[in-house]
Structures are given as C-alpha cells and as structure tokens.
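The structure appears below as structure tokens.
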Amino acid sequence: QVQLVESGGGLVQAGDSLRLSCAAAGPTFLDHYAMGWFRQSPAKEREFVAVISYSGSTFYAASVKGRFTISRDNADNDNAKNTVYLQMNSLKPEDTAVYYCAAGNGPDVLGGTPQAWGQGTQVTVSA
C-alpha cells in the first residue's frame, strides 16, 4: 500500500505564497500513477484542486487556475519516491482548508476516488 506524506502547510497572509509537498512511500501498486491535490474547508465537501499525470499533463479547478501550479518528480528507481508539489501563489482567505494529496489512476484521482489519500496538511490564509 502506498503511503502519502504531505508537508508545507502553514499560516500565511492574503497575497502570500506557499508550497506543499507530498511524497509517496512504500511499494507501488500502479505503474505510472497520477497524483493530485484536494482540499476541504469546514462545513464543505472535499473538492478537487489539481491533478498531474505521470507524464506531466495537468488539470486545475477553475478557482485556482492561474494561481496554483502542480508539478512532480518521478522516482527513477525502486528506492526513490514519487513526489508531487503544489505551488500556491496569490493566496486568498477562501483558499483556507486542509489540503490532501491523492494518488491512483488518472480518472479515479480526477473523480475524487483515488487509490490512496494523504493525511492532510492545514493551510490558513488570513485577510
């Protein structure tokens, strides 16, 4: 089972930038899996943020397009880790949420049913 470990959350002011990281550890269950980010704020359902395929194709939610950038480093051997990043610029208070990393088949990640979830990292943007 793949384990996803996120880092990089924190408290920032509106207009600031933050970069989240997520490393996939453990035996791989898929070859060339997609990775993505979701977020959930209080009283709201978890929502899609961005996804990146193994080859680097990306897709973003309309609310973050142009401000957030997803990227990844692919493991080049069995001892390395696939890592996905989310660069968040021009942050707004409405971006405040717990951000979750996800991994799995592309359609599953895009549809919110990935094979693995991270534990989440809190991002808080003050006005």
- prompt: Are M88 and Y60 grouped together when hydrophobic residues (ILVMFWY) are joined by side-chain heavy atoms under 4.5 angstrom apart?
  reply: yes
task: May I ask you to test the L91-L18 pair for a side-chain heavy-atom distance under 4.5 Å?
output: yes
message: Can you give me the closest heavy-atom contact between A14 and P93, atom names plus distance?
response: CB-CD, 4.1 Å
field: Joint hydrophobic cluster, W37 plus F59, side-chain heavy atoms closer than 4.5 Å
entry: no
- prompt: In Å and rounded to the nearest 0.5 Å, what is the OG to CZ distance from S21 to R72?
  reply: 13.5 Å
- line: To the nearest 0.5 Å, atom OG1 of T58 lies from atom NZ of K65 at 8.5 Å
message: I'd like to know whether N89 forms a side chain to side chain contact (heavy atoms under 4.5 Å, CB included) with F68, so could you lay out the CA-CA distance, the side-chain angles of the two residues, the decisive distance to 0.1 Å, and finally the verdict.
response: CA-CA 6 Å; N89 298 329; F68 291 10; over 6 Å; no
query: Do T96 and E94 meet the criterion of a side-chain donor-acceptor pair at a distance under 3.5 Å?
result: no
- request: Kindly determine whether V84 and I52 satisfy side chain to side chain contact (heavy atoms under 4.5 Å, CB included), including the steps that lead there.
  value: CA-CA 8 Å; V84 65; I52 185 167; 3.9 Å; yes
query: Does R39 reach the side chain of E47, with side-chain heavy atoms less than 4.5 Å apart?
result: yes
task: Kindly compute the distance separating CG (L86) from OG (S71), expressed to the nearest 0.5 Å.
output: 8.5 Å
- prompt: What about F38 and Y100, are their ring centers closer than 6.0 Å?
  reply: no
message: Could you walk me through whether Y33 and N82 satisfy the side-chain hydrogen bond (donor to acceptor under 3.5 Å, both in side chains) test, starting with their C-alpha distance in whole Å, then the side-chain angles of each, then the deciding distance to 0.1 Å, before giving a yes or no?
response: CA-CA 9 Å; Y33 49 83; N82 288 319; 3.1 Å; yes
Nearest-0.5 Å distance that lies between atom SG in C101 and atom CE in M35: 4.0 Å
message: Could you check whether any side-chain N or O of N74 sits under 3.5 Å from a backbone N or O of Y54, counting only pairs where one atom can act as donor and the other as acceptor?
response: yes
- prompt: Is there a side chain to side chain contact (heavy atoms under 4.5 Å, CB included) between T124 and V12 once you walk through the steps?
  reply: CA-CA 6 Å; T124 303; V12 297; over 6 Å; no
Q87 and S17, any side-chain heavy atoms less than 4.5 Å apart: yes
task: Determine the minimum heavy-atom distance between A97 and S41, stating which atoms define it.
output: CB-N, 3.9 Å
message: Under 4.5 Å between side-chain heavy atoms, counting indirect links through other Ile/Leu/Val/Met/Phe/Trp/Tyr residues: same cluster for L20 and V5 or not?
response: no
task: Give the intermediate values and the outcome of side chain to side chain contact (heavy atoms under 4.5 Å, CB included) for residues Q13 and V125.
output: CA-CA 5 Å; Q13 293 185 328; V125 184; over 6 Å; no
- prompt: Is any side-chain heavy atom of D73 closer than 4.5 Å to a side-chain heavy atom of Y85?
  reply: yes
message: On a heavy-atom basis, which atom in A34 and which in V109 lie closest, and how many Å separate them?
response: O-CG2, 4.0 Å
- request: Could you tell me the separation between the CZ atom of R67 and the OG atom of S90, rounded to the nearest 0.5 Å?
  value: 7.0 Å
statement: Value for CD1 (I70) from OG (S57), rounded to nearest 0.5 Å, stands at 11.5 Å
- prompt: Do you know which two heavy atoms are closest between F48 and A61, and how far apart they sit?
  reply: O-CB, 3.4 Å
- prompt: Closest approach of L4 and Q119, non-hydrogen atoms and distance?
  reply: O-OE1, 3.4 Å
